[in-house]
Amino acid sequence: MTREVFRVTIRGKFGDLTAEQCARLAEHAGELMFSETGTFTHDANATVFTFRCQVPARPDDDDRTAKQRAIAALDAHELPYRDLTVAVTDLRDIRIQRKR
């Protein structure tokens, strides 16, 4: 796993979903991984959701850039949403301490 990435978690509420959009969400239910295209988890009624996305981190990128890229990935799913809360983790800053 490369650590030159941001992991972004977006929580929000869905707008009015069509039957087709609900069916697309159901196809990928329960995926909890971070990916460049992003994955959704949601409540049983598809009212609220969590979207997990991993975006590349270039040397000069910051949290705002990561947030913009993650929202672009969310928009690519073409689902209506509102009331977003975004959390960004810069994996370049994570240091793993090895046990001796």
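Residue Gln54 holds its CD atom at 6.5 Å from CG of Leu91, rounded to the nearest 0.5 Å. To the nearest 0.5 Å, atom SG of residue Cys53 and atom NE2 of residue His77 are 7.5 Å apart. Expressed to the nearest 0.5 Å, how far CZ of Arg82 lies from NZ of Lys13 amounts to 5.5 Å.
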Going through the checks in order, is the side-chain contact (heavy atoms from CB on, under 4.5 Å) test met by Arg24 and Leu79?
CA-CA 10 Å; Arg24 269 192 299 158; Leu79 298 170; 3.9 Å; yes
List the steps, then state whether side-chain contact (heavy atoms from CB on, under 4.5 Å) holds for Ile10 with Ile71.
CA-CA 8 Å; Ile10 301 174; Ile71 290 176; 4.1 Å; yes
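In this structure, Asp43 contributes its side chain and Val48 its backbone to a donor-acceptor pair below 3.5 Å. In terms of modelled atom types and a separation under 3.5 Å, the side chain of Thr39 and the main chain of Met33 share a donor-acceptor contact. Put simply, the side chain of Gln21 gets close to the backbone of Glu78: a donor and an acceptor are under 3.5 Å apart. Proximity of a side-chain donor or acceptor of Asp90 to a complementary backbone N or O of Arg92 within less than 3.5 Å is detected.
Pairing each heavy atom of Val55 with each of Ala70, the nearest pair is CG1-N, 4.1 Å.
Aromatic ring centroids of Tyr81 and Phe14 lie 6.0 Å or more apart.
Cluster membership for Val8 and Phe34, using ILVMFWY side-chain heavy atoms within less than 4.5 angstrom, is not shared. A chain of hydrophobic side-chain contacts below 4.5 Å, direct or via other Ile, Leu, Val, Met, Phe, Trp or Tyr residues, connects Phe40 to Leu17.
Using a 4.5 Å cut-off on side-chain heavy atoms (C-beta onward), Phe6 and Thr89 make no contact. Within the 4.5 Å cutoff, the side chain of Thr50 has heavy atoms near those of the Thr9 side chain. Counting heavy atoms from C-beta outward, Leu74 and Leu84 have side chains that approach closer than 4.5 Å.
Checking Thr41 against Arg52 by side-chain atom types alone, a donor-acceptor pair falls below 3.5 Å.
Salt bridge Arg69/Asp61: present, at least one basic N to carboxylate O contact under 4.0 Å.
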